[in-house]
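To keep things clear, I will list the structure first and then write my remarks on it.
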Amino acid sequence: MSFGKGCHLHLIDGSAFIFRAYHALPPLTRKSDGLPIGAVSGFCNMLQRYVDDNAGGDVTHVAVIFDKGSHTFRNDLYPEYKANREAMPEDLRPQIPLTRRATEAFNIACKEIEGYEADDIIATLSMQARDAGGRVTIISSDKDLMQLVGGGVEMLDAMKNRRIDAEGVEEKFGVGPDRVVDVQALAGDSVDNVPGAPGIGVKTAALLINEYGDLDTLLERAGEIKQPKRRQTLIEKADQIRLSRQLVQLDCATPLDFTLDDLEVRDPDPDTLLGFLSEMEFRTLSKRIAAAMEVEPPVIPDAAPQAPGEAAPDWPAIDAASHEKITDMAALAVWIDLVKAHGHVAIDTETTSLNEMQAELVGISLAVEPGHACYIPLGHRSGDADDLFGSDRLAGGQLPLQDALDALAPVLEDPAILKIGQNMKYDMKILARHGVSMSPIDDTMLMSYALHAGLHNHGMDALSERYLGHTPIPIKTLLGSGKSAITFDRVPVDDAVAYAAEDADITLRLWRLFKPQLHREKVTAVYETLERPLVPVLARMERHGIEVDREVLSRMSSAFAQKMAALEEEIHALAGRKFNVGSPKQLGEILFDEMGLVGGKRGKTGAYATGADVLEDLATEHDLPARILDWRQLSKLKSTYTDALQDHIDPETGRVHTSYVQTGANTGRLASTDPNLQNIPVRTEEGRRIRTAFVAPKGRTLVSLDYSQIELRILAHVADIDALKQAFRDGLDIHAMTASEMFGVPLDQMTPEIRRQAKAINFGVIYGISGFGLARNLRIPRAEAQGFIDRYFERFPGIRAYMDDTIAFAKEHGHVKTLFGRRIHTPEISAKGPRAGFARRAAINAPIQGTAADVIRRAMIRMPAAIEGLPCKMLLQVHDELLFEVEDGAVEDVIAAARDVMQGAAAPAVRLGVPLIVDAGHGANWAEAH
DNA sequence: GAGTTCACG
DNA sequence: GACGTACGTGAACTCA
């Protein structure tokens with residue numbers, strides 16, 4: 001039947017169905033393999049109900065419309081459009097294609113157009129149907145669709161079973177459907193990030209539109225508005241309002257590759273529908289549908305669920321003999337087809353160095369199933385390393401590197417093929433240097449971190465041994481160790497095949513094991529929102545690096561060397577003999593045995609302790625300890641910073657490229673290595689000068705933004721301390737306020753000393769305070785310190801409750817959690833002896849430190865979109881600080897954009913009861929910017 | 001390679 | 001009543 005008068009078209013908003021189904025149901029998984037299917041199940045039930053409800057009705061045509069692609073013309077108009085959306089939950093993502101298949105199984109037309117939102121397709125079809133003289137019902141409650149209502153188009157809220165006609169729209173917006181867009185343009189939409197006119201909501205917008213007729217007239221005559229604030233907003237923000245109207249206006253001319261006639265209602269085919277339902281293992285639903293169709297219900301076997309953490313018994317052993325060597329393009333093409341057929345592939349790159357900036361690609365290994373792996377040698381060298389002429393020759397029997405990459409790139413960049421790796425940041429950086437940007441990716445190291453933080457480290461060797469019962473070939477057997485170690489390009493190809501293909505094989509097995517565990521252990525959100533999306537962000541920061549001025553460091557090194565030499569002489573004179581100033585053992589003997597100073601304490605190894613705290617106490621008695629302290633400071637600055645940093649300047653880029661270890665700290669913090677740029681001195685004036693060597697190139701500026709007191713704010717929130725929360729809301733000096741509360745000193749009579757003590761207590765609480773620890777930190781008697789703590793608990797009783805609850809939770813579950821669901825395991829929490837104390841304090845600290853770490857991770861993940869188009873790069877993270885390199889003219893814009901992201905980073909997942917405040921600075925170098 | 005010390009948040 | 005203690009990191013150095 002050709003669509004025309006008397007026809008009735010139903011358009012179902014597919015995405016709304018999916019999200020409603022996802023949130024309405026618990027995270028169900030398919031019994032046989034753990035595939036998440038909760039949303040698919042709910043979706044099918046909703047479709048079934050729809051079919052039942054409309055059986056025998058007047059509907060002649062129907063389609064389910066989906067969104068496709070995240071980038072639409074609206075993003076080109078306004079990059080921030082829908083930018084504050086949470087990433088799709090990981091356990092929902094694999095269900096999206098299944099909902100398409102479900103729709104088709106029900107024999108309902110299933111339509112999507114790349115680069116268009118479902119709403120635009122719905123708009124286009126509605127107008128076509130209306131113009132053809134038919135009726136339309138849009139099954140959705142999305143207010144953005146209300147502009148389409150009228151002239152035979154209505155909406156139906158399927159959940160409430162309520163029809164929405166022009167009257168209903170007027171009830172909601174205060175204007176008719178034809179003016180809905182104008183009202184939305186003024187009111188904006190915080191969910192979709194449509195800016196609108198600040199301070200004007202739906203009510204005011206409707207009032208204005210009704211008074212002036214339409215938006216254009218209103219904007220033209222904005223000068224006539226009486227309220228000064230409103231008038232000013234409408235005049236100043238006219239462009240922003242017009243842009244907002246473009247964003248909310250649905251596109252009724254979406255190019256479609258089908259016609260209304262293709263949407264005719266069809267009866268489902270029982271075999272197809274029941275086949276799909278039994279594949280999903282929906283027992284109840286398939287019985288019900290089979291009964292309705294009057295056919296036999298399918299028999300769905302009861303598959304035994306796989307025990308968590310247990311390798312599937314039918315996997316072949318990890319065996320070098322089964323691993324293929326790829327030496328011609330035909331064989332590579334076969335593998336590429338295999339990868340496409342599987343839709344995912346484990347990948348590992350072999351290179352000449354652990355330094356990704358300098359490493360040369362030597363080979364690539366792939367695996368598609370346990371035991372089915374290959375290695376593609378690309379850059380192995382032949383001949384003796386000592387042979388100057390032969391050493392650079394490529395070994396025979398290898399594919400040309402560029403040919404292999406050209407063949408692989410379409411797969412590696414295919415958004416429909418998942419690339420699985422162990423520490424993918426490394427492989428992404430290597431391939432990025434060859435112009436290949438892998439996406440999407442999964443990372444078994446990060447999966448393990450989300451699942452097992454606090455239990456063990458997450459290197460492949462540890463994971464393989466622990467979860468596969470297999471010890472991988474040690475890299476040492478190929479490369480040797482120490483001075484005689486060779487690089488991977490010198491490894492004979494056949495040895496490399498065994499080693500490299502095994503790594504891909506292991507990675508694939510770990511992925512098969514961990515992936516379903518993420519759902520079972522309820523850490524998919526952590527993995528999906530805090531781990532996986534951070535990988536490309538860190539990779540980019542590391543590749544950018546930061547410019548370091550070698551001259552500045554070199555001059556400082558010389559100055560330090562001179563001062564140290566002078567101090568050394570002085571020290572030897574004071575000691576009465578020469579000795580190695582850098583040897584704590586020799587120093588201890590001199591101080592406590594030879595010079596007879598009292599208070600020497602021996603550690604477990606029998607050596608005297610000579611740490612800074614000990615020497616500071618001794619400094620009142622004698623000059624020597626003070627000189628040692630001076631010498632040590634200089635020695636530290638020189639060896640760790642001014643000397644070592646110079647060696648880390650990359651000869652190609654002239655910049656220093658750190659590596660962030662995403663799984664480095666149990667709490668969720670990052671660690672920085674080679675070099676560590678998270679501990680560049682700042683606390684002393686002399687050390688701080690090292691930061692002047694971290695510079696921005698000409699025409700650019702370094703911009704630093706850091707969270708103010710983020711851990712204390714989080715403590716105030718999680719322990720629910722009203723006094724602290726209020727103090728933060730009022731923008732008070734939190735340490736002074738604590739001091740005032742504890743010691744009864746009015747704020748205007750506060751002394752630095754009292755404030756200092758309160759500050760120490762505030763930090764102590766975050767660290768799992770003990771009387772002993774506070775006493776040592778403040779150098780006061782233990783009883784006095786305990787008195788402070790008692791008073792603190794009395795004044796802020798929530799703290800005690802938080803600590804007790806956290807310990808109890810840890811004992812019950814074996815882990816603690818951050819506000820964002822990150823788990824930190826606490827295996828020692830019930831240990832006996834001193835270890836229990838450590839575990840308790842770590843358990844108290846972890847949710848606070850970890851939540852702060854989660855917050856800045858969220859900010860970093862959102863940052864690229866927020867600063868897109870601005871001439872700047874994010875370079876470094878130092879736990880609560882982000883450092884950017886910005887073109888001089890854009891400093892204020894970047895600060896505004898980045899601050900917005902950072903201050904809003906907890907939302908929408910967590911609503912903190914305290915504001916997050918970000919301080920900003922900028923300058924030619926890091927010392928000035930901080 | 002373990003132990004000590006010290007740089008950072 | 002006695003344990004021993006602030007939380008989280010990485011790097012350089014000494015010494016066995």
Side-chain angles (χ1 to χ4, degrees), chain A residues 453-454 579-588 601-615 628-629 631-645 647-648 658-661 663-684 686-688 690-691 706-712 715 760-778 782 785 789 816 824 831-850 852-853 856 876-881 926 930:
Chain A
F579 71 103
N580 184 348
V581 183
S583 164
K585 183 168 174 273
Q586 294 177 30
L587 174 67
K601 282 209 185 95
R602 294 180 190 270
K604 357 180 203 282
T605 54
Y608 288 112
T610 68
D613 49 346
V614 175
L615 296 187
I628 296 281
L629 284 169
W631 184 90
R632 279 197 185 159
Q633 198 204 359
L634 295 175
S635 164
K636 180 80 175 180
L637 295 179
K638 182 171 186 296
S639 68
T640 309
Y641 300 104
T642 57
D643 285 354
L645 272 174
D647 300 333
H648 281 286
T658 184
S659 270
Y660 288 103
V661 190
T663 58
N666 287 335
T667 52
R669 274 194 180 180
L670 302 178
S672 159
T673 65
D674 308 302
N676 181 355
L677 294 186
Q678 292 183 320
N679 70 347
I680 302 303
V682 70
R683 290 175 186 170
T684 66
E686 197 144 41
R688 197 185 173 85
I690 291 171
R691 294 193 173 215
D706 68 291
Y707 284 107
S708 159
Q709 309 283 10
I710 185 165
E711 292 192 353
L712 267 179
L715 173 72
I761 298 166
N762 275 333
F763 278 108
V765 168
I766 292 173
Y767 297 150
I769 200 157
S770 76
F772 187 93
L774 183 65
R776 213 177 60 161
N777 188 278
L778 285 176
R782 192 171 157 176
I789 294 170
V816 292
I824 299 109
K832 292 272 166 275
R835 294 211 309 247
F838 281 108
R840 286 167 52 94
R841 291 191 296 272
I844 289 166
N845 173 258
I848 301 167
Q849 186 182 118
I856 196 165
L876 299 180
Q877 188 248 44
V878 191
H879 308 309
D880 63 1
E881 173 189 6
W926 199 2
H930 187 76

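Within every chain, numbering begins at 1; the chains are lettered A, B, ... in the order of the sequence lines, protein sequences first and strands thereafter.
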### Query
Contact boundaries of DNA chain B with chain A (under 4.0 Å, heavy atoms), 5' to 3'?
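The protein-touched segment is dG3(B) to dG9(B).
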#### Entry: side-chain contact (heavy atoms from CB on, under 4.5 Å) partners of Gln586(A), counting only residues at least two apart
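Scan of Gln586(A) (side-chain contact (heavy atoms from CB on, under 4.5 Å), adjacent residues dropped) gives Phe579(A), Asn580(A), Ser583(A).
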Within the 4.0 Å heavy-atom criterion, would you say [X] contacts the bases, only the backbone, or no part of the nucleic acid?
| X | answer |
| --- | --- |
| Val682(A) | sugar-phosphate |
| Glu881(A) | nothing |
| Leu670(A) | nothing |
| Ala853(A) | nothing |

Rounding to an integer number of angstrom, what distance separates [N] and [M] when you compare their [atom1] atoms?
| N | M | atom1 | value |
| --- | --- | --- | --- |
| dT4(B) | dG4(C) | P | 15 Å |
| dT5(B) | dA6(C) | P | 13 Å |
| dC6(B) | dA2(C) | C1' | 31 Å |

### Message
Applying side-chain hydrogen bond (donor to acceptor under 3.5 Å, both in side chains) as the test, list every pair that has at least one member in residues 603-613 of chain A; sequence neighbours left out.
### Response
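Checked against side-chain hydrogen bond (donor to acceptor under 3.5 Å, both in side chains) - neighbours excluded - the pairs reaching residues 603-613 of chain A are Asp593(A)-Tyr608(A), Arg602(A)-Tyr608(A), Thr610(A)-Arg632(A).
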### Task
Compare every heavy atom of Val878(A) with every heavy atom of Trp926(A), then report the nearest pair and how far apart it is.
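In this case the closest contact between Trp926(A) and Val878(A) is CZ2-CG2, 3.9 Å.
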### Residue pair Thr658(A) / Pro675(A): nearest heavy atoms and the distance that separates them
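So the minimum-distance heavy-atom pair works out to OG1-O, 2.7 Å.
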The criterion is salt bridge (Lys or Arg N to Asp or Glu O under 4.0 Å); which residues satisfy it with [X], sequence neighbours excluded?
| X | answer |
| --- | --- |
| Asp643(A) | Lys638(A) |
| Arg782(A) | none |
| Lys585(A) | Glu589(A) |

### Task
Report yes or no: does Ser635(A) contribute a side-chain atom to a donor-acceptor pair with the main-chain N or O of Trp631(A) at less than 3.5 Å?
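Checking the backbone N and O of Trp631(A) against the side chain of Ser635(A), no donor-acceptor pair under 3.5 Å is found.
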### Message
For the backbone of Ile766(A) and the side chain of Asn845(A), can you confirm whether one donor and one acceptor N or O come within less than 3.5 Å of each other?
### Response
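Answer holds: yes.
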### Query
What does nucleotides 2-7 of chain C look like as a protein-contact string, B for base, S for sugar-phosphate only, - for none, at under 4.0 angstrom between heavy atoms?
--SBBB
### Message
Protein within reach of the bases, or only the backbone? For nucleotides 11-16 of chain C, mark each nucleotide 5' to 3' as B, S or -, using heavy atoms under 4.0 Å.
### Response
BSSSSS
### Task
Using the test ring-ring contact (aromatic ring centres under 6.0 Å, His included), find all partners of Tyr660(A) that sit at least two apart in sequence or belong to another chain.
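ring-ring contact (aromatic ring centres under 6.0 Å, His included) list for Tyr660(A), sorted by chain: empty.
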### Message
Going by ring-ring contact (aromatic ring centres under 6.0 Å, His included), name the residues that satisfy it together with Tyr767(A), two or more places apart in sequence or in a different chain.
### Response
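With sequence neighbours excluded, Tyr767(A) shows a ring-ring contact (aromatic ring centres under 6.0 Å, His included) to no residue whatsoever.
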### Message
By the salt bridge (Lys or Arg N to Asp or Glu O under 4.0 Å) test, which pairs, at least two apart or in different chains, include something from residues 664-682 of chain A?
### Response
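As it turns out, the salt bridge (Lys or Arg N to Asp or Glu O under 4.0 Å) pairs with a partner in residues 664-682 of chain A, which skip direct neighbours, are Arg669(A)-Glu711(A).
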### Message
Is the positively charged end of Arg840(A) above the ring of Phe838(A), judged by distance under 6.0 angstrom from the centroid and angle within 45° of the axis?
### Response
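No; the conditions do not both hold, so Arg840(A) does not lie above the ring face of Phe838(A).
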### Task
Taking Watson-Crick and G-U wobble pairs with both distances under 3.5 Å, convert DNA chain C into its dot-bracket string, 5' to 3', dots for unpaired and | for cross-strand pairs.
......|||||||||.
